[in-house]
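Because only heavy atoms are used, hydrogens play no part in the values below, and waters and symmetry mates are left out as well, while side chains stay in.
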Amino acid sequence: MKKVLVLRFSSIGDIELTTPVLRCLKKQTDYEVHYVTKKSFASILEHNPYVDHLWTFEQSAGELIPKLKRVNFDFIVDLHNNIRTLKLKLRLGVKSKAFPKLNVQKWLYVNFKLDTMTDQKHVVDRYFEAVQPLGVQNDHQGLDFFLSPQDQIDAQTVLPESFRHGFAVFTLGAQFKTKCLPESKVVDLLAEIRSPVVLLGGKEDQALGERLENQFPEEVINFAGKLTLGQSASLLKHAQCVIAHDTGLMHIASAFQKPIAVIWGNTTPQIGMYPYEVKATVEYFEVDNLACRPCSKIGFQACPKIHFRCMIDQNTAQIAAFADSF
């Protein structure tokens with residue numbers, strides 16, 4: 001059997017966005033599909049039926065080279081396209097193709113606010129350019145996220161009765177602080193939402209989640225830092241709608257075809273990482289006419305301009321109205 005190796009080392013959202021490529025590779029070719037990523041992100045793909053073998057590493061993908069060489073891959077699909085994947089491809093010596101990363105266009109857009117990204121494809125559609133030599137085409141069925149039996153959470157059991165007729169999920173955190181509403185604005189938002197709210201996030205969000213739960217004991221339940229990624233996804237799947245920053249959980253919400261309110265801070269949809277192929281309602285909440293946006297294609301831990309207007313000036317009443325409309 002022919003074998004193809006897919007490369008994407010991080011992070012949650014970027015790996016989740018590769019899932020349409022995996023599905024189409026498996027369904028449209030006779031290749032055995034292998035995937036290399038960091039061990040810390042393995043849970044995103046370990047239950048994906050379109051991945052035949054998941055290879056993971058702790059520190060460097062170079063750890064895997066002796067084992068990967070023995071597989072004798074026929075083709076490498078590079079969906080990361082950086083110096084680390086280039087080194088791996090050179091060591092394996094296999095024909096490959098990488099997706100267009102648009103680094104120059106993004107740099108011009110971020111640093112000079114030139115309109116270089118408006119007409120560019122979503123990153124998923126650019127990922128598909130890397131599998132064109134294999135004759136693979138996008139089926140436009142959106143993203144996938146597969147839950148294991150151990151991940152399944154019965155919302156009716158873990159949530160109080162007041163939540164059982166419907167709730168919104170708010171995803172608290174992000175890798176970079178400039179992608180997140182500050183705590184004071186989250187408090188404003190939760191005070192305005194009439195629907196019960198479940199908070200999700202990582203360990204780093206747990207303390208914030210607990211403070212918010214204490215402040216709104218009847219309306220808010222915090223699960224941030226208390227669940228695995230799969231368990232968080234399972235609970236998110238039961239939500240009426242999702243309020244999210246530009247994060248991995250936003251893309252998992254897209255996979256479940258949830259209505260999504262996306263709060264954009266220092267990043268913008270034009271960078272190409274917005275919710276993909278979602279048939280449900282998706283609304284973007286941005287502060288317009290800020291000359292400093294986007295200040296980064298990824299983010300910072302603090303606003304470079306200090307004022308943080310891209311989040312401080314968000315209209316929480318409008319976001320709350322979105323959540324209460326479902």
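- Contact check for His307 versus Cys292: side-chain heavy atoms found under the 4.5 Å cut-off.
- Residues Cys310 and Phe308 meet the side-chain proximity criterion, which asks for heavy atoms closer than 4.5 Å.
- Rounded to the nearest 0.5 Å, atoms CG (Asp151) and OG (Ser43) are 8.0 Å apart.
- Between Val33 and Tyr50 the shortest side-chain heavy-atom distance does not fall below 4.5 Å.
- The line from CG of Leu147 to CD of Gln231 is 10.0 Å long, rounded to the nearest 0.5 Å.
- Enclosure of atom CZ in Arg126 by more than 12 non-hydrogen atoms of other residues, nucleotides or ligands within 6.0 angstrom is indicated.
- The CG atom of Leu172 lies 8.0 Å from the CG atom of Leu200; values are rounded to the nearest 0.5 Å.
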Check against side chain to side chain contact (heavy atoms under 4.5 Å, CB included), Ile193 and Glu219: CA-CA 9 Å; Ile193 296 177; Glu219 302 90 2; over 6 Å; no

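- Connectivity analysis of hydrophobic side chains (ILVMFWY, heavy atoms under 4.5 Å, direct or indirect) links Phe73 to Leu5, Leu7, Phe9, Val36, Trp55, Phe57, Leu64, Ile65, Leu68, Val71, Ile76, Leu88, Leu92, Val94.
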Check against side chain to side chain contact (heavy atoms under 4.5 Å, CB included), Gln301 and Phe176: CA-CA 5 Å; Gln301 295 307 335; Phe176 298 97; 3.5 Å; yes

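- The aromatic ring centroids of His122 and Tyr274 lie less than 6.0 Å from each other.
- Separation of the Phe170 and His245 ring centroids falls under the 6.0 Å cut-off.
- In summary, the side chains of Asp52 and Tyr31 do not present any donor paired with an acceptor at a separation below 3.5 Å, with no hydrogens or angles considered.
- Side-chain contact check for Glu16 versus Ile44: some heavy-atom pair is nearer than 4.5 Å.
- Distance CD1/Ile271 to NZ/Lys297: 9.0 Å, rounded to 0.5 Å.
- With a 4.5 Å cut-off on side-chain heavy atoms, Tyr35 and Ile15 count as touching.
- For the atom pair NE2 of His238 and NZ of Lys258, the computed distance is 8.5 Å after rounding to the nearest 0.5 Å.
- The line from NZ of Lys237 to CD1 of Ile252 is 12.0 Å long, rounded to the nearest 0.5 Å.
- A side-chain N or O of Asn138 and one of Asp125 form a donor-acceptor pair less than 3.5 Å apart.
- Residues forming a side-chain contact (heavy atoms from CB on, under 4.5 Å) with Ala174 (at least two apart in sequence, or on another chain): Lys179, Cys180, Thr247.
- In terms of heavy atoms, Gln314 sits closest to Lys185 at O-NZ, 2.9 Å.
- The side chain to side chain donor-acceptor pair (under 3.5 Å) test applied to Thr267 returns Asp246, not counting sequence neighbours.
- Side-chain contact between Lys97 and Leu134 is absent, with no heavy-atom pair separated by less than 4.5 Å.
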